[in-house]
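Please read the structure below before turning to the comments.
Model, not experiment: these values are computed from the prediction. Residue numbering restarts at 1 for every chain, and letters A, B, ... go by the order of the sequence lines.
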Number of protein chains: 8
Amino acid sequence: MPGTQKASYVRLDKEKAALALVDHQTGLFSLVQDYEPAEFRNSVLALSAIGKFFKLPVVLTTSLSMGPNGPLLPEILEIFPDAPLVHRPGQINAWDNAEFVDAVKKTGRPQLIISGIVTDVCVAHAALSAVEAGYDVFVVTDASGTFSPSVREASWIRMSNNGVQLLNWFSVACELMRDWRNDMAGLAALLAKYMPAYGNLITSREHTLAQGK
Amino acid sequence: MPGTQKASYVRLDKEKAALALVDHQTGLFSLVQDYEPAEFRNSVLALSAIGKFFKLPVVLTTSLSMGPNGPLLPEILEIFPDAPLVHRPGQINAWDNAEFVDAVKKTGRPQLIISGIVTDVCVAHAALSAVEAGYDVFVVTDASGTFSPSVREASWIRMSNNGVQLLNWFSVACELMRDWRNDMAGLAALLAKYMPAYGNLITSREHTLAQGK
Amino acid sequence: MPGTQKASYVRLDKEKAALALVDHQTGLFSLVQDYEPAEFRNSVLALSAIGKFFKLPVVLTTSLSMGPNGPLLPEILEIFPDAPLVHRPGQINAWDNAEFVDAVKKTGRPQLIISGIVTDVCVAHAALSAVEAGYDVFVVTDASGTFSPSVREASWIRMSNNGVQLLNWFSVACELMRDWRNDMAGLAALLAKYMPAYGNLITSREHTLAQGK
Amino acid sequence: MPGTQKASYVRLDKEKAALALVDHQTGLFSLVQDYEPAEFRNSVLALSAIGKFFKLPVVLTTSLSMGPNGPLLPEILEIFPDAPLVHRPGQINAWDNAEFVDAVKKTGRPQLIISGIVTDVCVAHAALSAVEAGYDVFVVTDASGTFSPSVREASWIRMSNNGVQLLNWFSVACELMRDWRNDMAGLAALLAKYMPAYGNLITSREHTLAQGK
Amino acid sequence: MPGTQKASYVRLDKEKAALALVDHQTGLFSLVQDYEPAEFRNSVLALSAIGKFFKLPVVLTTSLSMGPNGPLLPEILEIFPDAPLVHRPGQINAWDNAEFVDAVKKTGRPQLIISGIVTDVCVAHAALSAVEAGYDVFVVTDASGTFSPSVREASWIRMSNNGVQLLNWFSVACELMRDWRNDMAGLAALLAKYMPAYGNLITSREHTLAQGK
Amino acid sequence: MPGTQKASYVRLDKEKAALALVDHQTGLFSLVQDYEPAEFRNSVLALSAIGKFFKLPVVLTTSLSMGPNGPLLPEILEIFPDAPLVHRPGQINAWDNAEFVDAVKKTGRPQLIISGIVTDVCVAHAALSAVEAGYDVFVVTDASGTFSPSVREASWIRMSNNGVQLLNWFSVACELMRDWRNDMAGLAALLAKYMPAYGNLITSREHTLAQGK
Amino acid sequence: MPGTQKASYVRLDKEKAALALVDHQTGLFSLVQDYEPAEFRNSVLALSAIGKFFKLPVVLTTSLSMGPNGPLLPEILEIFPDAPLVHRPGQINAWDNAEFVDAVKKTGRPQLIISGIVTDVCVAHAALSAVEAGYDVFVVTDASGTFSPSVREASWIRMSNNGVQLLNWFSVACELMRDWRNDMAGLAALLAKYMPAYGNLITSREHTLAQGK
Amino acid sequence: MPGTQKASYVRLDKEKAALALVDHQTGLFSLVQDYEPAEFRNSVLALSAIGKFFKLPVVLTTSLSMGPNGPLLPEILEIFPDAPLVHRPGQINAWDNAEFVDAVKKTGRPQLIISGIVTDVCVAHAALSAVEAGYDVFVVTDASGTFSPSVREASWIRMSNNGVQLLNWFSVACELMRDWRNDMAGLAALLAKYMPAYGNLITSREHTLAQGK
């Protein structure tokens with residue numbers, strides 16, 4: 001075959017992936033300054049909706065939710081009422097909590113999609129531990145937030161240099177979906193809800209088609 | 001009285017204000033680059049919700065909605081199913097359309113809140129005409145979008161130098177509300193929905209109060 | 001009538017407006033750093049196309065075109081082969097050149113649309129002189145370029161505080177057009193060429209309509 | 001005298017100025033995204049320290065401090081333990097609260113320095129009302145925070161177009177101080193604490209002087 | 001030989017390279033917010049012109065072009081009327097479509113230049129698959145667009161960490177050209193058309209040379 | 001005459017203007033963060049060179065130069081060895097210092113060009129006082145520096161709303177020059193030294209002309 | 001085990017880590033332009049407080065502190081009055097100074113946390129040498145400052161490509177802490193002091209709890 | 001020894017390094033938009049001065065200097081009147097020109113410092129070839145310029161992933177200098193000239209020392 005370089009493509013697979021949402025707590029959201037709040041909430045809920053859409057095994061966790069960090073974002077709980085929710089009593093890195101690790105292991109999935117607050121700690125530390133534990137780890141960049149773009153950039157460098165795949169929620173959705181024909185209406189509805197620019201394309205087209213009739 | 005300068009405060013009043021949403025059409029949204037799409041949709045819907053919350057008379061209008069500009073954003077129509085919706089057959093400045101002007105006049109309100117797409121044309125031209133016609137005009141900066149921050153900045157200068165008040169949707173809500181006690185639960189619900197950072201404060205507080213019990 | 005403030009709307013009129021393109025010279029373009037070069041050239045040519053589309057009287061001028069400033073951008077000359085082109089032998093402010101002022105006066109138009117390079121000198125000085133001479137002056141912000149966004153911002157403040165209207169090329173087009181029905185195909189073609197986002201809306205719609213048949 | 005323009009300089013005077021800190025509440029701080037949090041706290045405390053340093057009459061106020069907005073920043077209370085603190089039960093614009101207006105009037109000062117959270121509501125509305133009431137109003141730009149730079153920019157335009165003077169905390173300090181000789185050590189200590197770059201100049205100089213001995 | 005490190009330079013070669021344009025569709029363009037639209041269209045057409053100039057084998061592909069994604073940009077079709085155009089019925093990653101892979105294989109070229117919309121999905125997924133398939137892959141950064149600079153940045157990290165070469169269209173042109181003497185007039189014309197700053201240098205120089213005569 | 005608005009153009013005149021450089025001291029330079037240091041030094045020296053080139057009467061002043069503020073930038077002293085240099089013993093606003101005001105008055109000029117460090121204090125306060133005293137005041141935006149772009153922006157609003165003209169050093173040069181023919185070589189040399197982009201145009205042109213011979 | 005990639009997580013351990021603060025000198029602070037000064041001082045002091053909180057062995061060093069670089073920031077000396085402070089007489093890279101290397105070796109720790117001024121020299125050179133000497137090196141990105149974001153970015157690339165871990169002070173604190181239960185009150189106090197957004201969460205919560213009683 | 005990772009530090013050595021300045025031509029400077037022109041010229045001349053200060057062997061080269069690219073910046077020629085200057089008749093990558101490669105080889109140095117215009121082509125291509133040829137290559141980021149920050153970023157990724165060390169001119173100076181005592185006055189003079197912030201520290205200190213006497 002042609003070419004001089006070769007690398008394997010570490011690719012998400014809906015049969016192999018689990019989703020971990022780490023510390024999306026109402027208090028911790030107030031630390032996030034690298035995304036506008038409405039945009040960030042939209043991305044977090046989009047990723048949650050993807051998890052549900054693809055019926056991924058999901059693990060939820062919080063850190064000291066009875067303290068200033070606050071409870072898990074209620075909208076996430078509504079989407080995943082039955083997912084395991086591990087309240088960590090003190091461990092900052094979720095991977096230091098046996099219950100969380102067990103919940104992840106129970107999914108039986110070798111690929112772990114992680115997002116959370118803040119990117120440089122709750123996300124990065126868990127992601128680096130999960131890589132070390134042998135998982136293929138995918139951090140969702142726009143569903144994870146932190147103090148500033150420069151803090152985010154440094155944590156991206158640290159994670160990606162240690163084997164973590166970085167990708168945004170839309171890329172997660174598309175990599176899991178593979179082919180629109182698997183559920184064209186379903187994916188369109190998901191995008192229309194969480195990606196207004198795509199929703200507008202759909203509405204405009206339907207409006208035009210109605211004219212044509 | 002103290003001080004050397006004096007100016008009257010042109011202030012919104014829920015009994016005096018009407019709301020005009022100008023050309024929030026699905027095609028035109030694709031021209032907007034000065035706000036992230038999810039953030040912008042959130043601001044447009046927040047302003048719409050404010051109009052409904054305060055029972056403001058509302059006038060909707062579109063420009064050439066059968067062409068590339070596309071139909072009005074469906075979510076707006078859902079919020080205001082009974083508001084007059086003026087489909088302009090060609091006039092770019094809504095104030096050049098007699099039906100629109102009549103609809104505004106019929107509200108009997110001397111204050112006109114305007115937002116739309118794009119800020120420098122559909123909003124600015126209508127706003128400047130409305131000022132000339134004697135209205136107190138309030139342009140909602142974050143529920144209006146355009147090509148770039150620099151285009152927006154120039155149009156803000158032009159409008160504000162000609163008597164237009166510039167303010168964001170949260171400022172509109174607060175200026176109309178005047179006092180939280182008029183409907184504390186109602187305003188809190190509105191903010192929780194459209195201002196995630198405020199919603200998180202509410203959730204955290206309720207969670208803490210529940211602990212205290 | 002309603003409202004507490006009143007201001008007249010200084011509005012472009014295709015029967016009253018003339019266009020002056022000041023020092024869009026190939027050497028001076030290299031001083032422009034507040035817009036990306038392809039974007040800036042597009043805006044300059046869009047404004048030129050607008051002048052031609054509305055058959056505005058046009059006055060071209062250059063400053064020391066035999067020196068480092070270079071010749072007028074050839075594309076502009078192609079669009080306006082017959083417009084008066086005043087080569088100023090030394091005056092920096094075009095209004096200090098009698099031939100230029102005469103050419104403007106000969107248009108018989110009370111509204112003067114100005115753009116050029118650089119915004120803070122060739123544009124600002126001529127604009128301020130034209131206001132003083134009694135013209136309604138409209139400076140086209142995105143078809144004028146300069147050293148940096150902050151230099152641009154300061155010159156916008158100076159001009160707008162002295163009676164200059166600031167607006168972008170699309171706002172010029174729409175204010176002159178007033179009503180799409182005056183030439184729907186013509187305006188659509190102009191936008192398709194110089195505003196790719198609008199061109200894409202047109203193409204998508206035609207493609208959809210063709211499907212509907 | 002020379003020149004063609006004339007305007008009076010609306011200048012702060014330590015014998016004429018009062019300071020109002022509006023809604024610097026721990027919950028509302030989480031809405032502020034136009035300054036980095038440590039920088040913003042530093043500016044708020046710097047302005048507070050200025051008020052104390054110049055023995056300005058100070059009025060504190062909060063909005064619904066028993067709810068999600070939270071209590072006044074404790075550090076401010078420590079600086080002004082005896083200042084009147086008006087807990088508004090619902091009025092968003094502090095000027096709609098008679099107790100607050102009375103407290104301001106009791107200062108007997110014609111100049112009112114205002115800062116608060118958020119700039120576009122709690123600050124802007126109070127400032128516009130105070131101008132209307134005849135005060136010379138000075139809004140402290142960097143000790144007031146809000147959702148984004150563009151929201152801030154629009155509110156600055158609205159306020160400054162209606163007679164409000166905009167200035168940063170350092171400008172407040174210098175305009176009140178007039179002459180370093182009034183208290184050279186005092187001002188130096190204040191700057192060293194809140195303006196690290198100035199503190200470093202002082203330290204470097206003292207270190208060098210010690211060498212010279 | 002000197003030095004302590006060694007790496008091979010994976011370099012484009014006009015005899016070895018093929019060009020794939022992935023999903024430059026009129027609907028998808030409206031998702032692109034990391035480049036200004038006129039600038040982005042210019043870069044896409046510049047890359048297309050380069051493909052034609054160097055007579056590279058070209059493969060075009062679209063995703064669901066009968067739906068909201070829209071048809072291929074007409075200007076691209078005009079440049080490559082005879083290139084294979086693969087309409088993918090559902091596969092998001094072009095490499096999952098056998099017809100596309102076959103078209104690429106038929107070029108017989110070991111180097112694959114890819115650009116498209118959006119960078120993080122249609123470009124990144126295809127590029128990662130092509131690397132895995134053994135191609136030397138070159139992603140053209142400025143002829144590929146996506147939702148935001150931060151999404152772009154994350155996708156660049158993912159691709160470059162997995163063996164993809166990132167470079168802009170001008171770098172593609174120069175790496176293919178190797179030596180201006182291969183076609184000095186041709187390259188100059190291409191640059192004059194798509195790189196206005198370079199075009200201005202040429203015009204200024206010719207104008208000066210004409211003076212010298 | 002045409003048009004509906006009229007405003008006089010407050011324009012620099014080399015026979016009417018004086019230049020005041022306020023507190024360009026080596027310590028205070030370390031407070032400036034709104035321009036890159038090499039760029040800022042270049043602008044300050046460019047303005048100084050303009051003062052010398054047009055033989056403007058110049059007044060220099062420093063604040064507490066024996067303390068942390070440091071001495072006047074040595075390069076400025078070299079350019080103006082004989083200009084009056086007023087060392088203010090404590091007054092922050094130079095206009096509060098009688099010696100400085102006298103020095104300005106002695107110039108007999110009705111136009112005062114001011115730049116300095118920091119923009120919001122040493123420049124703004126002196127400029128506002130000079131306007132009040134009847135001068136036509138021109139603040140040079142890029143030869144004045146301060147803590148941040150947002151502090152600069154607020155001070156620009158305050159100054160321009162009170163009658164100050166804002167302009168950059170290049171605009172000062174051109175407004176004083178009026179006509180290149182007054183000293184073509186002189187102005188070219190000045191620009192070549194302080195505006196590298198213009199110097200490059202000159203060098204390229206001369207190089208081309210030499211070829212033509 | 002699952003997954004296809006594996007990498008070890010190079011993780012801070014409070015029993016294994018030492019802290020080196022390199023050239024946080026009052027003169028050198030004036031070179032830092034990639035962070036706002038109050039924010040930067042806060043980060044530097046936060047990292048120092050972390051060192052003290054975890055009782056890390058600390059090594060301080062300065063470069064030519066008797067010259068323009070100035071003395072060590074006094075606040076750091078106050079925090080670490082007994083730490084070894086190596087005054088380097090000329091070596092730019094601290095690792096070229098035997099006394100510094102000895103002090104580091106004496107800590108007996110294999111992990112070295114480094115921050116300093118400027119990032120690209122005093123930090124980068126020492127960090128690269130320490131990696132070469134076999135240490136696990138952690139550079140604290142927000143407690144290190146330099147000339148511009150782009151200089152910082154290049155130095156991050158250089159360091160991270162050569163084995164340096166990049167992380168911010170909050171990530172250092174959390175990675176050392178591992179579990180909040182090790183000292184919940186202590187960590188909360190540290191965060192309240194240096195991370196205002198977190199401090200506000202604590203204050204709001206306590207205020208709410210007090211209400212609940 | 002401590003630590004788990006190890007990497008050699010590829011470090012500049014004044015006895016091992018040569019300097020190549022590639023295509024700093026007056027025409028090509030007009031393509032540079034990622035640095036302000038005065039700042040960029042300063043960095044280019046700073047690097048040149050460093051080359052002279054350390055008596056590095058220097059190789060100069062231009063591309064088509066008789067055409068639009070223009071001649072080498074005259075200031076560089078003045079600094080290195082005797083350095084080999086290779087006028088490439090067509091090769092874009094300098095390493096494709098045997099005369100240039102010979103000149104580099106003749107220096108006998110294993111380390112090659114490269115800067116030039118534009119970063120993504122003339123610099124990147126030569127740097128990648130030099131790495132392949134076995135040199136330790138150091139690209140000077142701030143003395144190299146290109147079309148935009150995003151083009152620069154992509155080219156940095158490409159180069160650094162292929163073994164190029166990225167560093168700014170100050171880092172070059174310090175890495176070559178190793179110890180201030182090698183020539184304290186010389187380095188101070190160089191910094192004072194090209195790094196105004198450092199020059200100001202020196203001036204302030206001398207001024208203070210003079211007071212102490």
Option that, when pairs with chain D are counted at under 4.5 Å, heavy atom only, ranks first among N182(B), T141(B), N168(B), L167(B):
N168(B)
Measure M66(D) against the heavy atoms of chain B and call it side chain, backbone, both or neither at under 4.5 Å.
backbone
Considering residues at least two apart in sequence or located in another chain, which fulfil the salt bridge (Lys or Arg N to Asp or Glu O under 4.0 Å) criterion with R158(D)?
E175(B)
Just by distance, do the side chain of Q111(B) and the backbone of F138(B) share a donor-acceptor pair under 3.5 Å?
no
Below 30° counts as parallel, above 60° as perpendicular, anything between as tilted: where do the rings of F170(B) and F147(D) land?
perpendicular
For Y194(D) and N42(D), the nearest pair of non-hydrogen atoms, with its separation, is O-ND2, 2.9 Å
Is the backbone N or O of W169(B) less than 3.5 Å from a side-chain atom of D142(B), with the two atoms forming a donor-acceptor pair by type?
yes
Using non-hydrogen atoms only, which part of Y35(B) is less than 4.5 Å away from chain D: side chain, backbone, both, or neither?
side chain
Heavy-atom pairs under 4.5 Å with chain B, option from G70(D), S155(D), S150(D) with the top count
S150(D)
Mind checking salt bridge (Lys or Arg N to Asp or Glu O under 4.0 Å) for D13(B) and listing every partner two or more places apart, or none if nothing turns up?
none
Side chain R152(D), main chain G145(D), donor-acceptor under 3.5 Å
no
Tell me which of these, A188(B), S171(B), P149(B), S160(B), has more heavy-atom pairs under 4.5 Å with chain D than the rest.
S171(B)
Ranked by heavy-atom pairs below 4.5 Å to chain D, first place among E206(B), R11(B), E153(B) goes to R11(B)
Under a 4.5 Å heavy-atom cut-off, does chain B meet the side chain of L64(D), its backbone, both or neither?
side chain
Do Y135(B) and K105(B) have side-chain heavy atoms sitting under 4.5 Å apart?
yes
Kindly say whether K14(D) contributes a backbone atom to a donor-acceptor pair with the side chain of R109(D) at under 3.5 angstrom?
yes
What residues of residues 115-126 of chain D make heavy-atom contacts with chain B at a cutoff under 4.5 angstrom?
V118(D), D120(D), V121(D), H125(D)
Relative to chain B, which segment of S30(D) carries a heavy atom at a distance below 4.5 Å: side chain, backbone, both, or neither?
both
Side-chain donor/acceptor pairs under 3.5 Å, residues 77-92 of chain D, sequence neighbours excluded:
residue: H87(D); atom: ND1; partner: T62(D); partner atom: OG1; Å: 2.7
residue: H87(D); atom: ND1; partner: S65(D); partner atom: OG; Å: 3.3
residue: R88(D); atom: NE; partner: Q91(D); partner atom: O; Å: 2.8
residue: R88(D); atom: NH1; partner: D23(D); partner atom: OD1; Å: 2.9
residue: R88(D); atom: NH1; partner: T61(D); partner atom: OG1; Å: 2.9
residue: R88(D); atom: NH2; partner: D23(D); partner atom: OD2; Å: 2.9
residue: R88(D); atom: NH2; partner: Q91(D); partner atom: O; Å: 3.3
residue: R88(D); atom: NH2; partner: I92(D); partner atom: O; Å: 3.0
residue: Q91(D); atom: OE1; partner: N97(D); partner atom: ND2; Å: 3.2

Against chain D, work out which of R181(B), M195(B), M184(B) has the most heavy-atom pairs shorter than 4.5 Å and name it.
R181(B)
